[in-house]
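Please read all numbers here as calculations on a predicted model, not as lab measurements.
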Amino acid sequence: MRAEASVVIIGGGIIGTAIAFYLCKKGMKDVVLVEKSYLSSGSTGRCGGGIRQQWSERMNVRLAMRSVKLFERFEEEIGMDIEYYQGGYLLLAYTDEEVELFHKNVAMQQEEGLDVRLLSKEETKEKFPFMNLEGLKLATFCPTDGHANPHLATMAYAKAAEKMGAMILTHTEVTDIDVQSGQIKGVLTTKGYIKTSVVVNAAGGFSREVGLMAGVELPTESYRHQIFVTEPLEHILDPLVISFVNNFYIRQTKSGNFIMGQGDKDEPPSHKHDPSWKFLTEMTEKMPHFFPFLKEVRVLRHWAGLYNMSPDAQPIIDKSDKLSDFYFAIGFSGHGFMLAPAVGEAMADWIIYGSPEEVDISNLKMERFSKGVSREKNVV
């Protein structure tokens, strides 16, 4: 246990460990990360593992494109296989409104330099003959999208940060942030006090609660989202497939299992992690319609995690204007894993150099909510 640190990061998911890694890589070795349970025990370890660049908001596209560049060299840079696979993302449009939005999105994404294109129903059927595409109007496909193993990625960042000097404290809960006269003085944990002047809130589903410890009101709420995984089958599905109207996503893992999930518009804000029969019955009835080969496949495991939602379903990456050096990377709305490398890099640059070097995150500050926001539409 260190008595003092240059930076304390609260949260041991992919965002927190990515920030720790990039801080250390850029020369700040005196970093402590505090996680109340085990690494990736929260939203990261319960997510679907998708990595996509197809968004309706330009800032998300830019962040995601930077993340993909970093994911592409992850194993070379960090030295660990995280099962990263660029099988693409297939987005399905079933309504005229979606068709209009997809055309608009693809035009904007191509302006940003993304390799993405529209597919007709016939082209989609030719590429994916095992899917039932009844009612489909068109699709979009980006071949550099993909997926990876969230647990392995989190562990890789943490181990690499530790090798460079960071301290990772698991099963250690932050109970208070010591603030005096607008200045952070330290962090109180269940294992002792850490003197520091810089704190990063990367607490995922508990971001609001951590903010309140420092006297900062953060506009985030957490919602239960659920996933299940099937028994393994022979490899058939390269891309992760999404339908926003039909409310599902599905991908096949390296070992052959199918992971799939959906949102629930009736789900109230909470920190609930218990899976429900409602989800299980709805998904097992719905998914074989679109993927007929799933009809006789067995479900192995079913779990729930938290989407930490912001008002516009885009991340909040900012620094408090009420006290010194309280940073937050929160409100990822279910997409923290795929944006983590770019966010970790940007936050490290901001803390060390005073501003992000590789990607502009100025539109993701808290001040945007007072001006009116454009909501990210590509969310399940």
To the nearest 0.5 Å, what is the distance between [atom1] ([X]) and [atom2] ([Y])?
X	Y	atom1	atom2	answer
Ile14	Leu152	CD1	CG	10.0 Å
Asn60	Arg52	CG	CZ	8.5 Å
Leu323	Ser197	CG	OG	11.0 Å
Asp264	Phe279	CG	CZ	10.0 Å
Leu23	Met347	CG	CE	8.5 Å
Lys36	Leu169	NZ	CG	15.5 Å

Would Ile15 and Thr44 count as a side chain to side chain contact (heavy atoms under 4.5 Å, CB included) here? Give the steps.
CA-CA 9 Å; Ile15 297 295; Thr44 298; over 6 Å; no
Restricting to pairs with a member in [range], which pass ring pair (Phe, Tyr, Trp, His ring centres under 6.0 Å), not counting sequence neighbours?
range	result
residues 132-159	Phe21-Tyr157, Phe74-Tyr157, Tyr85-His147
residues 314-333	Phe326-Phe328, Tyr327-Trp350
residues 31-71	Trp55-His335, Phe71-Tyr84, Phe71-Phe337

Check this for me: [X], atom [atom1], are more than 12 non-hydrogen atoms of other residues, nucleotides or ligands nearer than 6.0 Å?
X	atom1	answer
Lys159	NZ	no
Lys29	NZ	yes
Lys163	NZ	no
Lys191	NZ	yes

Backbone N/O of [Y] and side chain of [X]: donor-acceptor pair under 3.5 Å:
X	Y	value
Gln86	Thr144	yes
Gln252	Leu233	yes
Thr172	Val34	no
Glu357	Glu345	no
Thr17	Ala158	no
Asn201	Val210	no
Glu358	Ala346	no
Ser222	His271	no
Asp145	Gln53	yes
Glu112	Arg58	no

Any salt bridge between Lys137 and Glu98, counting N to O under 4.0 Å?
no
Do Asp178 and Lys195 sit within salt-bridge range, that is, some charged N less than 4.0 Å from a carboxylate O?
no
Is the shortest heavy-atom distance from the side chain of [X] to the side chain of [Y] under 4.5 Å?
X	Y	answer
Tyr249	Leu240	yes
Thr253	Glu83	no
Asn378	Leu101	yes
Glu75	Ile78	no
Val198	Met28	no
Val174	Val199	no

Test side chain to side chain contact (heavy atoms under 4.5 Å, CB included) on Ile242 and Gln54; report intermediate values, then the result.
CA-CA 11 Å; Ile242 295 181; Gln54 296 182 72; over 6 Å; no
Run the side-chain donor-acceptor check on residues 212-221: report pairs under 3.5 Å with partners two or more places apart or on a different chain.
from   : atom 1 : to     : atom 2 : distance (Å)
Glu217 : OE2    : Arg208 : NH1    : 2.8
Glu217 : OE2    : Arg208 : NH2    : 2.4
Thr220 : OG1    : Ser207 : OG     : 3.0
Glu221 : OE1    : Tyr223 : OH     : 2.8

Counterpart residues, side chain to side chain contact (heavy atoms under 4.5 Å, CB included), relative to [X] (two or more places apart):
X	value
Arg2	Asp30, Val32, Met167
Ala313	Met309, Ser333, Arg375, Glu376, Val379
Ala139	Leu90, Leu92, Leu119, Thr124
Ala20	Ile9, Val31, Leu33, Ala161

Side chain to side chain contact (heavy atoms under 4.5 Å, CB included) between Val106 and Arg117: does it pass, once the steps are laid out?
CA-CA 7 Å; Val106 166; Arg117 69 186 185 98; 5.8 Å; no
Show every donor-acceptor pair shorter than 3.5 Å between a side-chain atom in residues 282-293 and any protein atom, with sequence neighbours excluded, or say none if there are none.
from   : atom 1 : to     : atom 2 : distance (Å)
Glu282 : OE1    : Gln262 : NE2    : 2.8
Thr284 : OG1    : Leu280 : O      : 2.7
Thr284 : OG1    : Thr281 : O      : 3.2
Lys286 : NZ     : Asn246 : O      : 3.0
Lys286 : NZ     : Asn247 : O      : 2.8
Lys286 : NZ     : Gln262 : OE1    : 2.6

For [range], which residue pairs pass the salt bridge (charged side-chain N to carboxylate O under 4.0 Å, His left out) check, not counting sequence neighbours?
range	value
residues 288-302	Glu231-Arg298
residues 38-49	none
residues 238-254	Asp81-Lys254

One pair to check against side chain to side chain contact (heavy atoms under 4.5 Å, CB included): Thr140 and Gln109. What are the steps and the verdict?
CA-CA 11 Å; Thr140 68; Gln109 293 157 6; 5.8 Å; no
Is Lys26 positioned over the aromatic face of Tyr353, cation under 6.0 angstrom from the ring centre and no more than 45 degrees off axis?
no
Given Glu173 and Thr190, is the side-chain hydrogen bond (donor to acceptor under 3.5 Å, both in side chains) satisfied, shown in steps?
CA-CA 5 Å; Glu173 187 169 0; Thr190 51; over 6 Å; no
Using every non-hydrogen atom in the two residues, find where Ile19 and Ala329 come nearest and quote the distance to one decimal.
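So the minimum-distance heavy-atom pair works out to CD1-CB, 4.4 Å.
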